[in-house]
2 protein chains.
Amino acid sequence: MATPAGPGARHHVPALHVHFTDTDALPFPTRSIARGDALYCAGEPLRSLYTVQSGCFKSVAAYPSANDDAVPHAQVTAFHLIDETLGLDGICTGHHESDAIALEDSVVRIMPVGILEPLCREYAPMQHALLAIMSAEIVRAARLALMLGTMPALVRVAAFLLDLSMRFDASGARPDTFDDVILPMTRADIGSYLGLELETVSRMLSKLQREGAISLHGRQLRIVDRTRLERIG
Amino acid sequence: MATPAGPGARHHVPALHVHFTDTDALPFPTRSIARGDALYCAGEPLRSLYTVQSGCFKSVAAYPSANDDAVPHAQVTAFHLIDETLGLDGICTGHHESDAIALEDSVVRIMPVGILEPLCREYAPMQHALLAIMSAEIVRAARLALMLGTMPALVRVAAFLLDLSMRFDASGARPDTFDDVILPMTRADIGSYLGLELETVSRMLSKLQREGAISLHGRQLRIVDRTRLERIG
DNA sequence: CGTCAGGTTGACCGCTCTCAATGCGGGTGG
DNA sequence: CCACCCGCATTGAGAGCGGTCAACCTGACG
């Protein structure tokens with residue numbers, strides 16, 4: 001690897017979901033979404049990008065089975081925590097490519113696309129930030145693909161927990177300490193995201209707990225031995 | 001799926017690797033790369049984006065194993081055909097996240113990043129095109145992840161062949177008919193991209209041939225029964 | 001003609017999926 | 001307050017897909 005870095009080097013790009021710090025001053029409107037409701041659905045015309053102010057979302061991409069299965073494969077393609085941006089996948093077609101579902105009662109800041117492009121033409125830092133966010137999203141998706149293509153289940157789960165805890169910590173929104181996280185999604189969501197069945201996720205979590213890397217009660221997760229977890233993931 | 005579409009609907013976003021049509025008039029310089037050489041390597045500072053004028057590339061992402069394996073997992077994350085753009089993953093960090101290796105003797109058009117952002121601020125269509133390309137790359141990577149997470153080997157290989165043939169056709173560069181393609185990459189490259197071992201790729205190709213969907217001799221591929229292939233992939 | 005990279009095919013085994021049973025917690029209504 | 005239910009989670013047993021190892025084949029090239 002050409003980028004030298006210390007332990008935990010894999011995560012030297014922690015802010016994969018970058019946020020629009022420069023727009024904090026701008027009076028964008030907000031919108032509240034109840035747990036389980038959709039912020040937008042696949043196929044809808046793209047009206048805005050959204051930044052999570054509170055709560056949490058998952059992006060679900062549906063896959064039209066060629067031979068009209070009644071079960072058109074679907075997969076969670078991303079989780080979006082506080083300060084992270086949703087809707088980027090819709091820019092290319094002008095339509096959303098996935099559903100965005102709230103995992104908790106949530107609030108988002110609305111950035112209409114019609115305003116966004118002219119804004120970026122005026123403010124170079126804003127343009128740069130948008131490009132950086134999109135590029136980071138490309139990198140994030142590519143790493144996910146890499147993980148799904150090459151890593152065994154235990155490694156995927158461990159890496160997922162590390163990534164999630166870092167992002168929760170970055171958001172600074174939780175009273176949780178660095179090592180305490182409440183998982184906002186179900187085992188099925190995690191499994192879908194990682195390309196595993198929910199039973200496999202559960203088994204790997206149990207295994208990590210037996211090995212002393214984590215402790216968990218339901219969705220309450222504590223990272224007991226981060227070093228051990230990093231060695232695995 | 002909310003977007004209605006005819007057969008082959010999955011590929012209703014054929015131009016996943018969009019190209020800069022609006023810049024054709026601009027006198028960007030070009031560079032030639034010999035087969036097997038690197039256009040850039042991971043970790044290098046991002047100087048330019050590149051559009052393929054002739055030839056073909058693969059992007060290879062290296063993954064630093066936590067416990068310094070001598071074998072730091074690596075995976076092909078993309079193939080880049082004519083008119084498709086390389087280097088987008090480096091915008092977020094200012095450094096390339098992957099190696100770009102030429103699969104044939106190739107020529108690229110060079111677009112310095114220092115010029116790109118000011119240019120996009122002046123020309124709205126160009127800005128829009130760049131955002132569209134990056135968004136499309138996000139969608140492409142997410143779909144790859146989806147496929148690696150949910151599809152069995154035969155489906156992955158079939159979908160890959162369909163995707164590749166469409167992109168070759170879109171480039172219009174080959175004398176090949178729609179159904180004739182010369183695969184520029186090895187079985188190992190395909191396997192790495194699809195999260196499979198090269199033996200599995202070979203087996204799936206043989207199976208598709210036995211079933212009459214394709215015929216292949218080495219890297220010369222002919223799609224005999226596209227409908228059948230689409231039913232699988 | 002030998003060598004070597006790339007490709008094909010076979011046999012075996014392990015990881016993960018599948019199916020199924022059980023456990024757990026938080027609601028709601030009797 | 002308890003019974004019941006329902007979504008979610010855990011755990012086990014068995015099967016299958018794909019990884020692994022190995023042998024062999026093919027074609028290009030010196």
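None of the values given here were measured: they were computed from a predicted structure. So that the names make sense, note that chain A is the first sequence line, chain B the second, and so on, each numbered from 1.
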Open item on the list: Going 5' to 3' along DNA chain C, between which two nucleotides do contacts with chain B fall, using a heavy-atom cut-off of 4.0 Å?
Closed with: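 Nucleotide range in contact with chain B: C/dG6 to C/dA11.
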
Holding to side-chain hydrogen bond (donor to acceptor under 3.5 Å, both in side chains), I want the full list of residues that pass it with [X], two or more places apart in sequence or in another chain.
| X | answer |
| --- | --- |
| A/D99 | none |
| B/S98 | B/D89 |
| A/S59 | A/H80 |
| B/S48 | none |

Task: A/R35 side chain to A/S106 side chain, donor-acceptor N/O pair below 3.5 angstrom - done: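 Their side chains do not contain a donor-acceptor pair, so the 3.5 Å distance test is not met.
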
Tabulated below should be each protein N or O lying under 3.5 Å from an N or O of nucleotides 17-21 of chain D; please produce it.
unit_1 : atom_1 : unit_2 : atom_2 : d
D/dG18 : OP1    : B/A153 : N      : 2.5
D/dG19 : OP1    : B/G195 : O      : 3.4
D/dG19 : OP2    : B/E197 : N      : 3.4
D/dG19 : OP2    : B/T200 : OG1    : 2.5
D/dT20 : O4     : B/R203 : NH2    : 2.9
D/dC21 : N4     : B/E199 : OE2    : 3.2

- [ ] Specify the angle, to 10°, made by the local axes at the two ends of the helix from C/dC1-D/dG30 to C/dG30-D/dC1 when five pairs are taken at each end.
- [x]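 The end-segment axes of the helix from C/dC1-D/dG30 to C/dG30-D/dC1 are tilted 30° relative to each other.
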
Nucleotide [N], atom [atom2] - distance to [atom1] of [X] in whole Å:
| X | N | atom1 | atom2 | answer |
| --- | --- | --- | --- | --- |
| A/R219 | D/dC8 | CZ | P | 7 Å |
| A/L198 | D/dT11 | CG | P | 13 Å |
| A/M185 | D/dA9 | CE | C1' | 15 Å |

Under 3.5 Å donor-acceptor pairs involving side-chain atoms of residues 192-208 of chain B, not counting sequence neighbours:
unit_1 : atom_1 : unit_2 : atom_2 : d
B/S192 : OG     : B/V76  : N      : 2.8
B/Y193 : OH     : B/R140 : NH1    : 3.3
B/S206 : OG     : B/S202 : O      : 3.0

- [ ] Output every pair passing salt bridge (Lys or Arg N to Asp or Glu O under 4.0 Å) with a member in residues 145-160 of chain B, not counting sequence neighbours, ordered by first then second residue.
- [x]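 Counting only pairs at least two positions apart or across chains, no salt bridge (Lys or Arg N to Asp or Glu O under 4.0 Å) contact touches residues 145-160 of chain B.
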
Task: Which residues share a side-chain contact (heavy atoms from CB on, under 4.5 Å) with B/A100, sequence neighbours left out - done: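 Expected list: B/L39, B/Y40, B/L86.
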
TODO: List in chain and number order the residues that pass salt bridge (charged side-chain N to carboxylate O under 4.0 Å, His left out) with B/R187, two or more places apart in sequence or in another chain; answer none if no residue qualifies.
DONE: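 Checked B/R187 against salt bridge (charged side-chain N to carboxylate O under 4.0 Å, His left out); zero matches.
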
Please list, one pair per line, the donor and acceptor atoms closer than 3.5 Å that link side chains of residues 214-225 of chain B to other protein atoms, with sequence neighbours excluded.
unit_1 : atom_1 : unit_2 : atom_2 : d
B/Q220 : NE2    : B/D180 : OD1    : 3.3
B/R222 : NE     : B/D180 : OD1    : 3.2
B/R222 : NE     : B/D180 : OD2    : 3.3
B/R222 : NH2    : B/D180 : OD2    : 2.9
B/D225 : OD1    : B/T227 : N      : 3.3
B/D225 : OD1    : B/R228 : N      : 3.0
B/D225 : OD2    : B/R228 : NE     : 3.2

TODO: Look at the side-chain N and O atoms of A/R187 and state whether any lies under 4.0 Å from the OP1 or OP2 oxygen of D/dC8.
DONE: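 False: A/R187 side-chain N/O out of range (4.0 Å or more) of D/dC8 OP1/OP2.
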
